[in-house]
Number of protein chains: 2
Amino acid sequence: MVTGSKELIRDINTNLVLETIINNTAISRAAIAKHLGLTKATISAIVQELINKKLVIEIGSDDTNLGRKPILLSLHKKAGFVICIDIGVDTISALISDLIGEDCSLKQIKTPKNTSNIVNVLIDLIESMKLPKDTPYDLVGITLGIHGVIANNQVSFAPYYNLSGINIAEGLESHFNAPVYLENEANLSVIGEKTFQYDYANIANISVHSGIGLGIIVNHQLYAGYNGRAGEFGHTIIEIDGKQCPCGNKGCFEQYASERNLLHEYTKMKNSEEQSFEQFRVAYEAGDLDAYKIMDDFVKYMSIGVNNILNAYNPDIVIINSSFTIFFPHITEKIESALTSRMNSYIRIVPSVLQDTSILLGGICVAIKGFLGVDNLKLNHINLRG
Amino acid sequence: MVTGSKELIRDINTNLVLETIINNTAISRAAIAKHLGLTKATISAIVQELINKKLVIEIGSDDTNLGRKPILLSLHKKAGFVICIDIGVDTISALISDLIGEDCSLKQIKTPKNTSNIVNVLIDLIESMKLPKDTPYDLVGITLGIHGVIANNQVSFAPYYNLSGINIAEGLESHFNAPVYLENEANLSVIGEKTFQYDYANIANISVHSGIGLGIIVNHQLYAGYNGRAGEFGHTIIEIDGKQCPCGNKGCFEQYASERNLLHEYTKMKNSEEQSFEQFRVAYEAGDLDAYKIMDDFVKYMSIGVNNILNAYNPDIVIINSSFTIFFPHITEKIESALTSRMNSYIRIVPSVLQDTSILLGGICVAIKGFLGVDNLKLNHINLRG
DNA sequence: GACATTAGTTTATTCATCAAATCAATGACA
DNA sequence: TGTCATTGATTTGATGAATAAACTAATGTC
């Protein structure tokens with residue numbers, strides 16, 4: 001039960017001050033006070049505390065033309081560092097970052113066939129990377145991106161690899177002495193998009209891969225449903241008595257609009273061996289009519305999916321993350337014009353810019369938010385290197 | 001910007017105390033302190049304030065077998081009264097209630113063809129009813145149930161009557177000097193179900209009438225999307241290139257599962273004049289095979305809708321409110337067994353008990369919550385009379 | 001009638017906010 | 001060069017709400 005107390009007030013205001021400092025990059029005490037509607041005395045006290053904790057630093061004066069020059073405050077971005085590991089079906093990717101998502105370094109390995117030893121694999125992976133030295137807090141959080149359903153920080157259902165029953169979080173936590181956050185990949189993706197790219201209050205992010213995932217932001221917060229199964233949008237039905245889906249349903253969305261299905265249809269047209277996306281792309285750019293037909297199908301099915309998302313969640317913006325939108329970003333305009341319902345309000349449909357980095361960047365955010373206690377993070381500078 | 005302050009602490013704790021008193025019907029100061037984890041001193045101070053404001057009364061001692069007998073506290077349910085008016089397409093229903101949803105009185109009139117004068121119609125309706133006398137606060141809130149989309153306490157889109165552009169809330173507020181809350185009918189419905197019947201954290205409530213509405217409770221709160229259009233589930237597509245819907249789409253859910261469509265299909269089978277639900281019901285109970293076929297369709301389409309709701313919102317419970325479930329409540333079991341996806345977690349599918357009173361009772365709750373500042377209301381006793 | 005037990009109140013303390021005064025720094029201007 | 005207006009930041013005292021601990025109140029038991 002969250003009741004009111006002095007500590008609660010301080011917590012709320014401290015987090016707001018931190019949030020204000022981060023989201024404004026550099027800001028003075030006076031400006032924070034004005035922004036939050038708190039008195040300068042309060043802000044001074046809170047800032048002093050944050051400076052003592054080495055979470056905030058003074059970075060010199062701003063250039064104003066009247067009165068005393070303000071002292072600019074900034075997050076001490078090297079106070080510690082965070083790690084996100086995306087456990088993909090084929091590849092495990094690890095990203096180390098400072099506290100604002102800058103100065104990242106990436107390492108990738110193959111996902112082992114047998115995942116029973118996953119905790120040790122992850123420990124070895126992290127220890128093989130160059131970790132920042134001599135920071136006040138060192139490693140302050142690890143996020144794991146999982147292709148599956150998470151409940152209570154544990155994998156409760158993962159169709160592509162067997163992680164259920166293994167307590168990954170605890171294993172890593174006790175070894176690194178830092179909090180470990182498990183999260184669904186589609187959820188991390190939308191958090192990454194919100195934090196680094198599209199700062200809207202309500203976002204739907206569709207990830208089209210072999211299946212289809214959906215991450216939802218509602219009122220600036222991740223919406224995961226009561227046991228983490230919300231946004232299993234790939235298994236909503238868009239065709240009565242439609243194509244059989246392995247899940248047991250007939251006519252699931254991902255049996256139509258997934259990359260796997262569309263390439264499969266393309267292969268059938270070509271009557272050849274399994275076609276890759278790259279082969280499809282080359283053919284499309286060469287003006288191949290079959291490829292055009294497949295792209296039309298993608299637009300048609302995706303517009304149905306987007307219509308259903310609009311009527312279910314009513315977001316401000318829909319982001320589509322897929323190979324199709326990476327190579328043909330203007331396809332989102334076609335999807336938008338394929339929407340037919342007069343019930344829909346005005347909406348933006350955009351291709352993902354972060355593409356396959358959105359999961360890792362989203363994981364970085366989760367760990368940073370967890371460490372700093374900040375609710376609504378907004379970061380800008382991205383600089384990925386291998 | 002919500003910042004921390006002394007007043008915020010008191011507000012939070014006062015609302016928690018009120019909530020505890022209401023949801024426990026009668027409870028002592030000591031028990032409240034234990035329940036909330038606050039000290040007895042704090043609770044005593046807050047309760048004294050509430051008694052002074054005539055919102056809480058002492059109702060005698062409880063019978064315990066050891067120590068001093070506790071003084072039981074209760075909400076002063078006659079401190080004021082609230083009104084909900086459901087503006088239906090054909091009928092306007094008004095319900096007056098005390099502050100716990102007991103002691104209600106109902107009045108219904110026909111919806112006027114011309115709704116330009118709606119404010120005066122509502123004022124006349126309210127003033128023609130017997131309002132409680134000599135209460136400390138008198139009328140403390142009016143909720144209007146609207147068959148349409150609400151944004152900023154105004155009707156932004158209503159397909160069945162023309163209310164856009166009329167500032168109903170302001171007109172009533174200035175006349176009765178009480179806050180007026182506009183809300184979508186499907187949203188009120190789910191609030192009513194949650195408060196009076198099914199106390200779950202995550203609820204989906206499907207209202208099947210001529211169209212199909214959906215009210216969603218997420219984490220104990222109504223989920224309405226950023227401009228009130230979430231839950232327009234009737235216009236999600238369940239059939240590619242399906243039946244034409246007036247909204248512009250093809251294959252909308254409500255073109256299949258709505259009462260209007262199913263009766264229309266039944267009429268076509270019978271090759272007669274338009275069949276009513278009553279005619280359908282009589283035939284079904286007489287063993288008519290066409291009626292059985294229609295009911296099978298209802299189960300089939302509804303199970304698709306429920307599947308999509310589960311994968312979109314992941315609620316704890318799905319409530320179905322329709323003529324079909326009123327007369328054949330066990331049909332929800334058939335719908336449940338028609339679910340095929342192994343992605344779905346365990347779920348309860350139940351028929352609405354409140355039926356057509358859910359909107360009015362939900363509206364009563366909205367007004368009570370607004371007046372008392374209570375977040376999570378739980379009420380029990382229902383006693384409707386005409 | 002002493003005592004254990006529970007309910008509720010009183011009192012002193014703590015702590016975070018606020019308002020107002022004060023100190024600090026800086027450019028404008030005479 | 002020195003005064004002043006202006007803005008930034010800190011200090012000080014007051015306020016209010018929570019807490020802990022002591023105290024009063026009420027009641028049944030032995």
Side-chain angles (χ1 to χ4, degrees), chain A residues 1-21 24 26-53 56-74 373, chain B residues 1-21 24 26-53 56-74 373:
Chain A
M1 182 69 60
V2 179
T3 51
S5 66
K6 291 187 285 282
E7 293 72 34
L8 177 71
I9 298 299
R10 212 355 115 83
D11 275 6
I12 291 173
N13 289 339
T14 301
N15 291 342
L16 286 172
V17 168
L18 254 182
E19 185 176 309
T20 307
I21 292 174
N24 289 277
I27 189 170
S28 69
R29 291 169 175 81
I32 297 171
K34 203 168 180 183
H35 176 73
L36 293 178
L38 295 168
T39 60
K40 290 186 286 177
T42 302
I43 300 301
S44 277
I46 291 173
V47 165
Q48 194 50 56
E49 224 174 46
L50 289 171
I51 289 176
N52 291 345
K53 284 200 216 160
V56 164
I57 48 174
E58 300 186 331
I59 56 160
S61 304
D62 199 7
D63 224 12
T64 49
N65 48 358
L66 206 63
R68 175 176 171 178
K69 302 227 179 298
I71 305 166
L72 289 177
L73 302 166
S74 183
Chain B
M1 183 68 62
V2 180
T3 51
S5 65
K6 292 185 286 282
E7 293 71 37
L8 180 68
I9 299 179
R10 223 342 124 83
D11 275 7
I12 291 173
N13 290 339
T14 301
N15 290 342
L16 286 172
V17 168
L18 255 182
E19 185 175 309
T20 307
I21 292 175
N24 288 278
I27 189 170
S28 69
R29 291 169 175 81
I32 297 171
K34 204 168 180 184
H35 176 76
L36 293 177
L38 295 168
T39 60
K40 290 186 288 175
T42 301
I43 300 301
S44 278
I46 291 173
V47 165
Q48 194 51 56
E49 227 173 43
L50 289 171
I51 289 176
N52 292 344
K53 284 200 215 159
V56 163
I57 48 175
E58 299 186 333
I59 56 161
S61 304
D62 199 7
D63 222 13
T64 51
N65 48 358
L66 207 61
R68 173 177 171 177
K69 302 231 180 293
I71 305 166
L72 289 178
L73 302 165
S74 184

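Convention: sequence-line order gives letters A, B, ...; per-chain numbering from 1. Everything numeric here is computed off the predicted structure, so don't read it as measured data. All heavy atoms count here, side chains included; hydrogens, waters and symmetry mates do not.
Residues A:T3 and A:T64 both approach DNA chain D. Their nearest nucleotides, taken by heavy-atom distance, put A:T64 toward the 5′ side.
Between B:I43 atom CD1 and C:dT10 atom C1' there is a gap of 16 Å when expressed in whole angstrom units. In this structure, A:L8 atom CG and C:dT17 atom P are separated by 11 Å, rounded to whole Å. Straight-line distance from the CD1 atom of B:I51 to the C1' atom of C:dG8: 12 Å, rounded to whole Å. Counting to the nearest Å, the P atom of D:dT7 and the CG atom of A:L72 are 17 Å from each other. Across the protein-nucleic acid pair, B:L36 atom CG and D:dT19 atom P stand 11 Å apart, rounded to whole Å. In this structure, the CD1 atom of B:I27 is 13 Å from the C1' atom of C:dA7, given to the nearest Å. Taking atom NZ on B:K69 and atom C1' on D:dT24, their separation rounds to 18 Å, with Å as the unit. The CD1 atom of A:I32 sits 19 Å away from the P atom of D:dT7 (whole-angstrom rounding).
The 12-atom threshold is exceeded at CG of B:N52, counting heavy atoms of other residues, nucleotides or ligands nearer than 6.0 Å.
Here the shortest heavy-atom pairing between B:K69 and B:T64 reads NZ-O, 2.9 Å.
Panel note: side chain A:N13, backbone B:G4; a donor-acceptor pair is recorded below 3.5 Å.
Between its opening and closing five pairs, the helix from C:dG1-D:dC30 to C:dA30-D:dT1 changes axis direction by 30°, a value rounded to 10 degrees.
A search for side chain to side chain contact (heavy atoms under 4.5 Å, CB included) contacts involving A:T20 returns A:N24, A:I27, A:I32, A:H35, A:L36, not counting sequence neighbours.
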Inset, instruction - Quick one, give me the B/S/- string for nucleotides 10-18 of chain D, reading 5' to 3', where B means a protein heavy atom under 4.0 Å from the base and S means that only happens at the primed atoms, P, OP1 or OP2. - result: BB---BBBB
